[in-house]
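Reminder, nothing fancy here: chain letters follow the sequence lines and each chain counts from 1. When reading the values below, keep in mind they use all heavy atoms of this one structure, side chains included, and skip hydrogens, waters and symmetry mates.
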Amino acid sequence: MSNAPATAPRQMPAPPTRTLLWRGFFAENPVFRLALSLCPAVAVTNSVKNGLMMGGAVLAVQVLSSMTVALTRAGIHDKVRIPIYTIIIAVWVSVIDMLCAAVAPVVYAEIGLYIKLIVAFAIIISRLEVFASKYSLIPSTMDGVGMGLGFTFAMVLIGALREVLGNGSVWGIPLVDAQPFLLLILPAGGFFTIGLLMAAMNWIDVRRGNPLSTGGGCH
Amino acid sequence: MSRSGAVIDAHHLEVTLVGPGLPSVADLRLTTTGDPDIPLEIAEVLFAPEKTNTVIVTTATTLDTKGSYQLFHQATGQWYAIAPSLIGIVISLLLAAALVQNFVFTRYLGLCVFFGVSRKRDTAIGMGVTFTIVGFCSGLLAWVLDRYVLRPLSLHFLEIIVFIGVVACLVQMTDTIMKKLHRTLHKKFGIYVVLITTNCIILAVPLLNAMNASGFWESLALALGSGLGFALALFLMSCARERADLAPVPLIFRGLPIAFILAGLFALAFLGFSGLQV
């Protein structure tokens with residue numbers, strides 16, 4: 001084979017910024033569509049506040065790692081790129097971890113472990129591999145922002161649903177006075193909520209006449 | 001300070017004292033280990049029947065039967081540690097990690113791999129076995145590094161980077177060793193070994209151990225229990241999914257949505273283990 005397939009992606013023009021920023025929300029939503037980084041999506045979404053903080057942490061790590069890789073990609077040898085990406089992510093996760101512990105100790109006490117585990121999230125390393133290693137700084141940053149926002153959107157959506165139905169409140173402020181549906185804030189509730197939301201996304205797709213995307217899983 | 005007593009139930013604990021004589025209530029100071037500033041209220045001290053130098057302390061505050069406490073006898077200046085026995089701790093941690101606080105169903109870790117490889121029973125068993133072994137090794141290795149390198153040098157802020165490094169190296173090593181030693185085994189399990197890096201349980205175990213400053217046996221129990229719990233979850237899920245594949249599932253629920261609903265049902269079932277205590 002010639003060199004063309006290997007070098008072709010590097011010369012491909014980056015998609016427009018608009019696409020980069022928006023595709024994380026629906027078309028390539030990390031949680032609902034790509035089925036990546038599911039652990040925090042189930043674990044910390046029993047309230048909007050936790051979901052938002054987790055989303056913010058992932059957004060920050062994704063953008064910073066994407067920027068780092070985009071800037072240093074010329075110096076990273078292809079054969080060792082995965083370990084290098086892992087180290088880059090681990091460094092930024094450490095930074096964000098300490099920042100969260102200092103800024104919001106109360107929320108951190110609850111979700112601290114999951115913030116540390118961002119380092120093992122498939123979504124971040126897959127964006128580095130698929131996007132940031134091939135494009136320059138600005139599109140890579142935009143891609144990171146888009147994916148991070150899409151993830152945050154999913155976290156806040158699941159968090160809001162579970163908090164309203166399971167606890168009758170949003171952001172800790174009570175809204176309804178009815179007996180809450182306790183199941184949803186229990187561990188099992190996260191699985192049910194995501195399953196139903198994925199089905200809802202499939203339903204919207206079917207209604208629009210798109211073919212059903214077959215679910216992934218990160219392997 | 002060696003262990004010299006145990007919590008009997010929510011309001012009683014048994015301590016073997018060094019010297020004879022019954023200490024008065026005001027003479028004793030009971031605190032939770034790691035929190036020496038808040039004394040717990042003692043209601044009564046009595047000799048235990050048919051045992052020498054052993055007293056039963058009745059407390060007004062509710063005690064945690066699995067917690068560890070410190071008792072200070074002011075007259076003699078003697079400290080007593082009250083903790084569950086080692087075997088008790090190890091077994092309860094093992095059970096907790098595998099069942100009561102199953103890493104998949106109640107802590108929601110390792111979900112990516114969990115949904116990825118639970119489609120068929122064969123792959124589920126392969127992944128479960130491989131993960132248990134590699135997770136056990138990495139848990140122990142990470143504990144040694146944490147205890148003898150990171151802590152003495154106050155480098156615990158590097159724990160994330162060090163632990164991911166340990167996992168990555170161990171996975172690579174296992175793969176290479178297996179390839180050299182046993183071709184068939186590698187052909188069968190090699191793919192799972194590579195997938196282990198993306199499983200957050202393997203990273204969560206050393207992080208949890210470091211967070212709780214666990215001792216050797218506790219870390220060992222958590223590492224083994226997490227692996228067994230993951231393998232169990234994977235096996236159960238693969239059995240259910242094989243059946244779901246044959247069932248007339250509504251179109252929009254096919255694939256991952258129905259798998260999530262199944263996992264939710266399993267999580268509900270695992271809630272039943274929460275009453276299990278050793």
Interface moiety of B:A168 toward chain A, non-hydrogen atoms closer than 4.5 Å: neither

A:I89 side, atom CD1; B:I164 side, atom CD1 - distance, nearest 0.5 Å: 8.5 Å

Which atoms of A:Y114 approach chain B - backbone, side chain, both or neither, heavy atom under 4.5 Å: side chain

Toward chain A, the part of B:Q172 with a non-hydrogen atom under 4.5 Å: neither

Heavy-atom pair with the smallest gap, counting every atom of B:G264 and A:A188: O-CB, 3.3 Å

Full working for side-chain contact (heavy atoms from CB on, under 4.5 Å) between B:L268 and A:F192: CA-CA 10 Å; B:L268 268 185; A:F192 288 133; 4.1 Å; yes

Distance in Å, A:L117 CG paired with B:L207 CG, rounded so as to fall on 0.5 Å steps: 6.0 Å

Side-chain heavy atoms of A:L196 within contact of B:I261, under 4.5 Å: yes

Among the listed options A:A199, A:G189, A:A200, the residue most often paired with chain B at heavy-atom distances under 4.5 Å: A:A199

Where B:I252 and A:N202 come nearest, the two heavy atoms and their spacing: O-ND2, 2.9 Å

Option that, when pairs with chain A are counted at under 4.5 Å, heavy atom only, ranks first among B:V167, B:L265, B:I258, B:L271: B:L265

Spatial distance of atom CE (A:M98) from atom CZ (B:F157) [nearest 0.5 Å]: 6.5 Å

B:F105 and A:F191 aromatic ring geometry - parallel, tilted or perpendicular at 30°/60° bounds: perpendicular

Chain A contacts, top residue of B:A267, B:G165, B:P257 (heavy-atom pairs, under 4.5 Å): B:P257

B:F260 to A:M198 - nearest heavy-atom pair and separation: CE1-CE, 3.7 Å

Residue, of B:L203, B:I202, B:L158, B:L262, that accumulates the most heavy atom pairs under 4.5 Å with chain A: B:L203

